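Predicted, not measured: the structure shown is a model, and the values here were computed from it. The sequence lines fix the lettering, A, B, ..., with proteins before strands; numbering per chain opens at 1.
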2 protein chains.
Amino acid sequence: MSQASPIVHKTRTQLVVEVLREKILSGDIKAGEPLRQSALAQELNVSRIPVREALLQLEAEGLVKFEAHKGATATELSVEQASELFELRALIEPDLLRKSIPNLTEKQLNHAEEVLVQLESAFRSENAINTWSELNTQFHACLYLGANRPQAMDVIKGLNTNSDRYIRLQLLLTGGIPRAETEHRELLELCRSGQVDAAATLLVNHILHAKDGVKKLVEQHVNNEK
Amino acid sequence: MSQASPIVHKTRTQLVVEVLREKILSGDIKAGEPLRQSALAQELNVSRIPVREALLQLEAEGLVKFEAHKGATATELSVEQASELFELRALIEPDLLRKSIPNLTEKQLNHAEEVLVQLESAFRSENAINTWSELNTQFHACLYLGANRPQAMDVIKGLNTNSDRYIRLQLLLTGGIPRAETEHRELLELCRSGQVDAAATLLVNHILHAKDGVKKLVEQHVNNEK
DNA sequence: ATACGCCACTTTGTATACAAAAAGGGCCCA
DNA sequence: TGGGCCCTTTTTGTATACAAAGTGGCGTAT
């Protein structure tokens, strides 16, 4: 009765969603780039139906803009969007963390630490941008498990997916995110020792600090485009 | 060049989305009820393709659960979900309001008032549950326009859509929401006079108060079901 | 009697085919 | 030369047809 790897039959739609999401997040598909249904269908060896359904899902995630009769494009990046995303996260995540800390189990904390270790090693290895971003989101999510707030987690997940594009940009262009590593470790310790206020404060700063970094970067990046 | 009613060609998918959303929100389609693609297609005189695409969009909105190879169902209501929805709103909306008030134009305030008037008259007329709920959301949204926070507005919109199911339930069962009317009017005046803190505080209470009402109701409603 | 497996039926997933809307280009006319 | 209209081409939207997964019931064997 192992439920480990239940040989799930993924639908073609799900596969397309994953491929396209990764391509958009990684920048392989650039912002504003039109996504032709037939071209994608041919490229991925499926019909247009799964492609369309995938594009709809990605639109819901905010990665794609789908206009009737006009076609789909990867959504554009902007300083405004980045700022707003991080500020929203700075509002919601600390609240989640506060609610979570008192209920975090030893097991959950250990799991968070495992993720953190992977995160730290990914930081060092080259070309691990994609996994770093993924692990980063996962680490944050781990810490909120005690809050038992599925809806809020969904919202955060969505915000994180969108933040990812900016974070990867930063990783790509600067090679790292200055204080993230030490802050993560520190955050985990504060959670472990149950220091709610300190942890929440650190988290706010952690997120706002990330925002500042991204903001500067996107400003000049957008300038370069023109 | 009037852009008033630009003879929009709605796609069948969009039509199906609207019909199904309304049916779920109004309770016409009950929580947990399976949504057979062929049945819906036949009922609405379309093929299964637009139905599928509509179901996917509704899943993104949180109104439908779509399981591969199993089918779609209207998501279940629960006290936990209701509480979480309103608490999240109580966190995000006041923040939006604070940022909005200083930038609200006279025009925007007047528009909010118009909506409020409609809301008040809908309150009195019978069978206006559906429009009440819609106008309620619209009124709240109006007040946040000054914040210029499209992402946050999207999040709120989603949370509101889900709250709607509970609010309509309350309207249906109790005939009204006790203090909502007076609180709305009061809120508008505070916004007009630029009393940021007072407005934000009132809004928090307004939302948490709504939460309490819904919570009690859903508790007994869920009990009755069994 | 119960548990297991086979088979028919239902429902979903996806390919293909066709219809309709938008985009591009050439022609006419001012 | 420049603007506007019609026609062609491309691309999207939707119906239909087919493939595959899931579901339930019956029969058989233990």
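Atom P of nucleotide D/dG22 and atom CZ of B/F66 are separated by 14 Å, given to the nearest angstrom. The nearest whole Å value for the distance from the CD atom in B/E53 to the P atom in D/dT12 is 13 Å. Here the C1' atom of nucleotide D/dA15 and the CD1 atom of B/I49 are 8 Å apart, to the nearest Å. Following rounding to the nearest Å, B/L35 (CG) and C/dG13 (P) show an atom-to-atom distance of 13 Å. A/R12 has its CZ atom 9 Å from the C1' atom of C/dG13, to the nearest Å. Computed from coordinates, the B/E67 CD to C/dG13 C1' distance equals 15 Å when rounded to whole Å. The distance from atom CD of A/Q14 to atom P of D/dA20 is 18 Å, rounded to the nearest whole Å. Atoms CG (B/L15) and P (D/dA15) sit 11 Å apart, rounded to a whole Å.
Phosphate contact (OP1/OP2 of D/dA15, side-chain N/O of B/S47, threshold under 4.0 Å): present. For B/Q37 and C/dG13, the shortest distance from a side-chain N or O to OP1 or OP2 is below 4.0 Å. Dashed line: the shortest gap from a side-chain N or O of A/T13 to OP1 or OP2 of C/dT14 is under 4.0 Å.
Contacts of B/R52 with the nucleic acid, taken as non-hydrogen atoms under 4.0 Å apart, include base atoms. Here A/R48 lies in heavy-atom contact (under 4.0 Å) with a base.
Other residues, nucleotides and ligands place no more than 12 heavy atoms under 6.0 Å from the NZ atom of A/K65. The neighbour count for A/E120 CD, taken as heavy atoms of other residues, nucleotides or ligands under 6.0 Å away, is above 12.
Checked for salt-bridge contact, A/E53 and A/R12 miss the test: no charged N lies under 4.0 Å from a carboxylate O. The pair A/K23-A/E43 meets the salt-bridge criterion, with a side-chain N (NZ, NE, NH1 or NH2) lying under 4.0 Å from an Asp/Glu carboxylate O.
Nearest nucleotide to the A/R36 side chain, out of D/dA15, D/dT11, C/dG13: D/dT11. Picking from D/dG13, D/dT12, D/dA21 the nucleotide with the shortest atom distance to the side chain of B/H69 gives D/dA21. In this structure, of D/dT23, C/dT14, C/dG13, it is C/dG13 that holds the atom nearest to the side chain of B/A68.
Looking at B/L55, B/V17, B/N162, B/D164 one by one, the single match for side-chain contact (heavy atoms from CB on, under 4.5 Å) with B/L63 turns out to be B/N162.
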